[in-house]
Amino acid sequence: MVQASRTSDVDADDTVEYDGPSGGWGSLEGIARIFGKEWTSPGVLNTLRRQNKPRGFMCVSCSWAKPADYHAFEFCENGAKATLWELTSRRCTPEFFAKHTLTELLDWSDYDLEQQGRLTHPLRYDSGSDQYVPCGWDEAFQAIGAQLKALDPKSVVFYSSGRASLETSYLYALFARVYGNNNLPDSSNMCHETTSVALKQLIGAGVGTVVFQDLSNCDAMFFFGQNTGSNSPRFLHPLQDAAKRGVQIITFNPVREKGLEVFVNPQNPAEMLTGKATQISSQYHQVKVGGDIGVILGICKHVFAADDKAKAEGKRVLDTAFIEQHTKGFESFEAKVRATSWDDIEAASGLSRAAIEGAAQVYVEADRVIGIYGMGLTQHVHGFENVAMLVNMLLLKGNIGRDGTGISPVRGHSNVQGQRTVGISEKPELVPLDKYARQFGFEPPRDKGMNTVETCEGVLSRKVKAFFGLGGNFVRAIPERGKMEAAWRDLELTVQIATKLNRSHLVHGKVAYLLPCLGRTEQDVQASGPQAVTMEDTFSCIQGSIGLRKPASEHLKSEVAIVAGLAKATLPPNPKLTWDAWAGDYGLIRDQIEETYPDKLHDFNARMFTPGGFYLGNSARERIWKTKSGKAEFTVPQTLSSTGFDDAPGRYRLLTMRSNDQFNTTIYGYSDRLRGIEGTRDVLLMNPDEIRRAGLSEGQMVSLISDAEDGVEREVGPLKVTPFRLPDGCVGAYYPEMNPLIPLSHHDIHSKTPAAKSVPVRIRA
Ligand SMILES: Nc1nc2c(c(=O)[nH]1)N[C@H]1C(S)=C(S)[C@@H](COP(=O)(O)OP(=O)(O)OC[C@H]3O[C@@H](n4cnc5c(=O)[nH]c(N)nc54)[C@H](O)[C@@H]3O)O[C@H]1N2
Ligand SMILES: Nc1nc2c(c(=O)[nH]1)N[C@H]1C(S)=C(S)[C@@H](COP(=O)(O)OP(=O)(O)OC[C@H]3O[C@@H](n4cnc5c(=O)[nH]c(N)nc54)[C@H](O)[C@@H]3O)O[C@H]1N2
Ligand SMILES: [Mo]
């Protein structure tokens, strides 16, 4: 095996570990294990062959780029799993619901619920039998519409998960606003909201500045808290190319993630036969959970020291011209960095000064640097500061707005970034409401709506009366499960639009509907013929997607048709709101989107099949800073730890993780192959020394209790103590099982993103 690490802080000997590379044969076996022979049948292979290609369909898993010069198979292990999950031959029919009450199904695991397969019929909750019973579409629309008309619009919430297309999202947001609110929380509120808020404030653009080509033009990449091997595996190809070019890849992650260590390209027969792996990270630093502010501050401190030295020789490390012309707040940032001691930096980060300086020297020497990150930075109480520190670091050497440089948040859901582009937001200032008013002849609500955490608060305080879920699994993805599920029962109305059964469909309001929709792989035929939809990837490129599979059931409707049907049944007639025509021809929806957003989405219908997608542009990439000051802004960190709580004896930092066998709350199976954890998700990961210090032993069953100082009892268990290479003081366990431990108030201060990566817990033996 290739030795990936130069800096390893925890010994591998006594821990569970997978000794294969990411990719390779293991990834093919990973697919076969879950789907058996089903996955190599011709129909399925033909579908997979069209995945992520021009005029094909865009993967329902992550939002990684769909490049114009694609591979023969432009899908990865987990993209294939996500597709196959939708293509399953299993069906969750009215007969299934006739056999099980919802109370009974509450005891089923997430895995078992989704294993029932695709939903086939629109369903209404029958309180007499405590079951879902089939109902007609029109009956559902009329009943929901009548109830919405009777409710105060401000008490209704329209959630969306980041999978719905641009066309659906645009109509959904329009429906909410004409109805009378901006209550449009989305999965991004639990995910990269930190990014949207921080980057908007600091560089004037709420999304990443990097484009796909930059990956081929950079000299170094700094990777913080993103698990490429499981969550965006197609990213491993450009990473492998970069590593082979000699690009320095410097990783900071409390977990030694396989995909960031070694990779065998499953599409390269020579690599597959010889097992020749590429080392991905040139340095791998196991930072303490919540230690990134300290790390990056240390990097910056070394940059200043190197700059002092260079000055003596008449040179500079800092890009002083850039700092002068383009930034604000440099002096106070510099003062703070110089004043912070290495002792404090080492304590906060859990890394040695030498290790941080080793990483920083790469930054000093590289001309073009990209900063990449995921949930490891965003899901903390001081997540904003995490992102701000990465911006600070990049600004020091003008690493934003040049080819081969920039900041690159790796977005999650396949269209989560796109939903924001077309109006899904609870923040009215981010949406061109005046345009909506003119275009559709109504007065849009101007007051701020509820985001995810505020929705939860509203459900608890009974201010929220009705909840719509456009996809997703809200009650399972949010924190504070105990209180939330109980309060959910008091909602007057819940409506879920979904492909598969999940827990959010069981935890329902007094009146409840479950409306089954087409998946993205399926053919969507409307009045004007077969339809296409569009998605935006993590690099701000928009591309069309066409499904060709026969729908899972003849009773399914498209998401567009469902939203249009609900809107029509709810809203007073308005000749400018042509819901039927829009549902009959999605090209007409794109015309409306173009009218609302002419700068970015002009010629939408003509450009939607541009190979590789068409680029929306990014002002910060052009060094136009749409911030309050008109400059890119340095931030002075107020703390070195992003956890938001103090260390205390017996208190651990819990990081909640995704396995290689899951997509968010969808559990495909019980193998976290790349981490060597097999057969169960009920584990508590901690390093062997920590196990001993806590007086525990390997294999012992324990539970975790929340250590928030709010007096609420929260406990999850039993969990099996499992030795795993993690820094001292940190423990790991799986999302969503651990969500009951996260207090609702434990979120990023600025964006309210739940702080799922550093939760204060204690162990109960
Ligand atoms: N197969 C698959 N693909 C997915 C998903 C999925 O569940 N399964 N989910 C999709 C979605 S919605 C999203 S948002 C993305 C999520 O993708 P990621 O952003 O990769 O999110 P996570 O897997 O939650 O964890 C990120 C990494 O952060 C590390 N980490 C935790 N705490 C810290 C810290 O304090 N500092 C640092 N530096 N690192 C830390 C963890 O060890 C982990 O490797 O993936 C998307 N793609
Ligand atoms: N502790 C902890 N909590 C977290 C996180 C964490 O890392 N740790 N991560 C957070 C993040 S990043 C996110 S994005 C959220 C995820 O939160 P959500 O996006 O709400 O959850 P998902 O699990 O992605 O939703 C899965 C469900 O979507 C439905 N579905 C699938 N495909 C379709 C479709 O095409 N149309 C429709 N209408 N429905 C469909 C299926 O019914 C499936 O059960 O969770 C957050 N919660
Ligand atoms: Mo996400």
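Both counts, for ligands and for their atoms, begin at 1 and track the order of listing.
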In ligand 1, which numbered atoms sit nearer than 4.0 Å to a non-hydrogen atom of V287? 38 (N)
If we number the atoms of ligand 1 from 1 as shown, the ones under 4.0 Å from a heavy atom of F252 are 37 (C), 38 (N)
Nearest protein heavy atom to atom 15 (C) of ligand 1, by residue and atom, and its distance? G412 CA, 3.7 Å
Would you say A756 has any N or O atom under 3.5 Å from an N or O of ligand 2, going by distance alone? no
E485 bridged to R503 by N-O distance under 4.0 Å: yes
Nearest heavy atom to atom 14 (S) of ligand 1 wins, so pick from S641, C191, S188. C191
Would you call T83 and R520 a side-chain contact if the rule is heavy atoms closer than 4.5 Å? no
With ring centroids as reference points, do F474 and F467 lie under 6.0 angstrom apart? yes
C62 neighbourhood, listing ligand 1 atoms whose heavy-atom distance to it stays under 4.0 Å: 47 (N)
Would you say C517 contacts ligand 2, with heavy atoms under 4.0 Å as the rule? yes
Where does the angle between the aromatic ring planes of H555 and H121 fall among parallel (under 30°), tilted (30 to 60°) and perpendicular (over 60°)? tilted
If you take the nearest heavy atom of each of Y668, F224, F663, W64, which one is closest to atom 4 (C) of ligand 1? F663
What atoms in ligand 1 come closer than 4.0 Å to a heavy atom of V255? 42 (O)
Tell me the protein heavy atom at minimum distance from atom 38 (N) of ligand 1, and give that distance in Å. D292 OD1, 2.8 Å
Can you find a non-hydrogen atom of V410 under 4.0 Å from ligand 1? no
Backbone or side chain, does any N or O of G162 fall under 3.5 Å from an N or O of ligand 2? no
Indicate, as side chain, backbone, both or neither, the part of N78 found under 4.0 angstrom from ligand 1 when only non-hydrogen atoms are considered. side chain
Where ligand 1 meets S230 - atom numbers and elements under 4.0 angstrom, heavy-atom basis: 1 (N), 2 (C), 3 (N)
Would you check the N or O atoms of N227, main chain and side chain alike, for any that come under 3.5 Å of an N or O of ligand 1? yes
Option nearest atom 19 (O) of ligand 1 (shortest heavy-atom distance, choices R411, K757, M375): M375
Would you call the rings of F224 and F252 parallel, tilted or perpendicular, where under 30° means parallel and over 60° means perpendicular? parallel
If we set the cut-off at 4.0 Å for heavy atoms, which region of H380 has an atom near ligand 1: side chain, backbone, both, or neither? side chain
Checking heavy-atom distances from atom 23 (O) of ligand 1 to each of N660, T666, T251, N231, the winner is N231
Among all the protein's non-hydrogen atoms, which is closest to atom 26 (C) of ligand 1, and how far away is it? G225 O, 3.4 Å
